Asks: 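Pasting a structure below so you can have a look.
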Amino acid sequence: MCFRLIAITTVLAVVPLFIVQATLLMNIQEKLWSERADSIEQHSSFLAGQIINLNYFAGKNIDVINNLILQLDSIYEGRVIVVDENFTVRKDSYSRINKKTVITPSLVACMNGFPPEGFYDEVYDMVEKVVAITDSDGVIRGAIIINASTRDLTDTYHSIRRMSTYVSMGFAVILILVATLIGRAFTKPFKNVAKSINRISEGYFDEEVHLKGYAEIETISDAFNAMLNRLKSLEDSRQEFVSNVSHELKTPITSIKVLADSLNTQADVPVELYREFMQDIVEEIDRENTIINDLLALVKMDKKAGDLNITNVNINEMLELILKRLKPVAAKRNIELVLESFRTVMADCDEVKLTLAFTNLVENAIKYNIAGGWVQVSLDADHKFFYVKVSDSGIGIPEEYQDKIFDRFYRVDKARSRETGGTGLGLAITKNIVLMHDGAIRVKSKEDEGTTFTVRIPLTVST
Ligand code: ADP
């Protein structure tokens with residue numbers, strides 16, 4: 001990632017830098033050479049004017065014009081050749097081809113009235129220009145061929161190019177350095193997050209990250225720590241759950257072993273004692289069975305709402321059936337069971353699961369009640385939810401335990417719960433079922449007065 005960032009910055013900043021440099025250099029080169037061409041043209045036009053005015057071709061003022069030609073030669077460190085209309089060289093500043101005839105394509109073109117053309121000779125670093133000598137009637141009377149050295153321009157251009165290359169390279173190095181620093185600073189927090197994630201993958205939930213920098217990074221860091229804390233608490237509750245499960249499952253087995261051992265170690269055990277112990281063993285096995293069944297139910301409920309089997313259910317009928325089933329249990333302790341329905345409620349829900357949830361609540365209301373007490377179940381609804389209240393006249397739950405009763409295996413009074421066959425899983429199962437339905441459950445209770453559980457479930461469950 002860091003490398004990619006540097007590469008992107010380089011491409012986006014350094015490449016345009018060199019493109020700009022190359023364009024600038026090209027412009028400078030063009031400007032230098034065109035200025036030189038203009039100046040040659042101006043000087044040659046002046047010379048051409050003097051040649052006509054002073055009648056050079058008629059053999060007059062030879063020295064004056066020859067002087068001018070030599071001056072031009074020295075200005076441009078080149079060669080100046082003046083040719084008449086017969087292509088005869090009237091003056092060569094090198095004095096090599098005087099009076100000889102020269103014919104070159106550019107000279108012929110110029111004599112035929114084509115505009116002057118420049119030509120650059122890279123090998124000798126010279127420009128050649130042919131300029132027509134025209135009289136006052138516009139007749140071409142000859143031509144001037146100027147070869148001007150451009151070595152000075154080339155030197156200037158090369159030194160400008162060298163300088164600008166140094167500057168551009170300096171800039172490029174600075175840009176790449178800055179990109180590397182920014183890239184490092186940018187990717188470092190991500191590396192730290194990756195390190196922490198790796199630690200979590202290895203099973204350590206201890207490493208919070210504290211990233212400083214730009215706002216987004218701090219948001220990621222906060223979100224990460226929130227996730228970490230959630231994982232930590234999940235891991236804690238998982239470990240607690242596992243140790244609770246082992247403890248709960250071991251208790252009946254330990255009892256069975258004690259009972260069996262005491263039978264085995266005694267000689268001549270009376271049949272009645274055998275029967276009694278065997279009955280106890282059967283009860284412990286039943287208890288183990290109940291715990292395992294509750295655990296299995298809870299594991300099933302841990303899955304998501306997608307596992308709900310939704311049908312349109314008459315909640316009034318559902319509650320009536322629950323109470324009918326539990327009536328004999330309540331009757332044993334002379335507890336009155338009452339159902340109060342304010343209206344008929346039809347809801348889309350999972351009937352089997354909700355029956356289990358409400359059965360747990362009513363069972364608890366009976367279990368943790370006083371002999372001769374009452375349990376009241378009421379049903380009401382508005383346009384969005386239905387509400388089931390299970391109130392009892394029982395022993396109540398002390399304020400400080402009210403938060404905990406929904407935890408798995410939590411029991412306020414272990415002995416009492418065990419006596420009544422409780423596993424401490426009932427309310428955890430109920431709460432899971434309610435949450436699967438996007439519902440809510442609340443408890444209100446006062447010690448020695450009674451308890452009310454209120455469940456709110458949407459009439460239609462979004463799956
Ligand atoms: P259990 O199998 O022990 O009943 P639950 O999960 O159903 O487990 O309930 C957890 C604990 O909450 C119970 O052990 C009991 O202490 C308390 N509790 C639940 N319902 C009531 C109630 N209606 N009245 C008083 N205490 C209750």
Side-chain angles (χ1 to χ4, degrees), residues 237 240-241 244-245 247-252 283-284 286-302 319 322-323 325-327 329-330 332-340 353-378 387-436 439-455:
S237 80
E240 195 189 311
F241 180 63
N244 281 344
V245 168
H247 175 77
E248 296 295 329
L249 289 176
K250 259 176 118 173
T251 317
E283 274 170 23
E284 291 301 332
D286 284 346
R287 186 168 163 68
E288 183 89 14
N289 206 24
T290 315
I291 297 172
I292 289 171
N293 284 340
D294 277 1
L295 269 175
L296 287 178
L298 195 65
V299 169
K300 258 197 225 160
M301 303 305 165
D302 266 351
L319 291 176
I322 292 172
L323 293 205
R325 277 200 216 123
L326 292 175
K327 213 141 221 161
V329 188
K332 270 191 202 160
R333 294 178 57 219
N334 205 16
I335 292 169
E336 190 189 4
L337 269 187
V338 189
L339 175 64
E340 189 183 26
K353 289 197 175 77
L354 274 191
T355 301
L356 177 61
F358 291 128
T359 303
N360 281 346
L361 292 181
V362 181
E363 252 175 6
N364 279 350
I366 299 168
K367 273 196 312 197
Y368 302 103
N369 216 321
I370 45 166
W374 52 262
V375 174
Q376 191 184 45
V377 179
S378 77
Y387 305 86
V388 175
K389 254 187 205 174
V390 180
S391 311
D392 64 58
S393 57
I395 55 167
I397 305 161
E399 179 105 35
E400 65 264 37
Y401 305 130
Q402 287 178 15
D403 276 353
K404 297 196 174 135
I405 52 169
F406 296 102
D407 292 351
R408 297 148 170 183
F409 294 117
Y410 189 82
R411 280 158 288 185
V412 176
D413 178 348
K414 281 213 173 209
R416 182 172 182 137
S417 165
R418 198 175 149 73
E419 244 170 57
T420 52
T423 59
L425 293 171
L427 283 181
I429 293 172
T430 300
K431 189 175 178 182
N432 270 5
I433 294 173
V434 171
L435 293 182
M436 279 172 95
I441 181 164
R442 265 187 335 184
V443 62
K444 243 186 173 172
S445 183
K446 214 158 189 206
E447 253 186 295
D448 299 327
E449 279 187 23
T451 306
T452 301
F453 283 92
T454 312
V455 176

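Counting starts at 1 for both ligands and their atoms, following the listed order. Given the structure is predicted, the values throughout are model-derived calculations rather than measurements.
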Asks: Side chains of T451 and S391: does their closest heavy-atom pair fall under 4.5 Å?
Replies: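 Result no, sub-4.5 Å side-chain heavy-atom pair not found.
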Asks: Indicate yes or no: at least one non-hydrogen side-chain atom of Y401 is less than 4.5 angstrom from one of D403.
Replies: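 The answer is no; the side chains never approach within 4.5 Å.
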Asks: Do N293 and T423 come close enough that some side-chain heavy atom pair is under 4.5 Å?
Replies: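 Side-chain contact under 4.5 Å: no.
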Asks: Should the pair R411-E248 be classified as a salt bridge under the 4.0 Å nitrogen-to-oxygen rule?
Replies: yes
Asks: Is there a side-chain contact between L427 and L361 in this structure, where contact means two heavy atoms from C-beta onward sitting under 4.5 Å apart?
Replies: yes
Asks: Protein residues near ligand 1, heavy-atom distance below 4.0 Å?
Replies: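 Residue list for ligand 1: N364, A365, K367, Y368, D392, G396, I397, I405, Y410, R411, V412, S417, G422, T423, G424, L425, G426, L427, T451, F453.
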Asks: Please identify each residue that fulfils side chain to side chain contact (heavy atoms under 4.5 Å, CB included) with E336, with sequence neighbours left out.
Replies: V338, W374
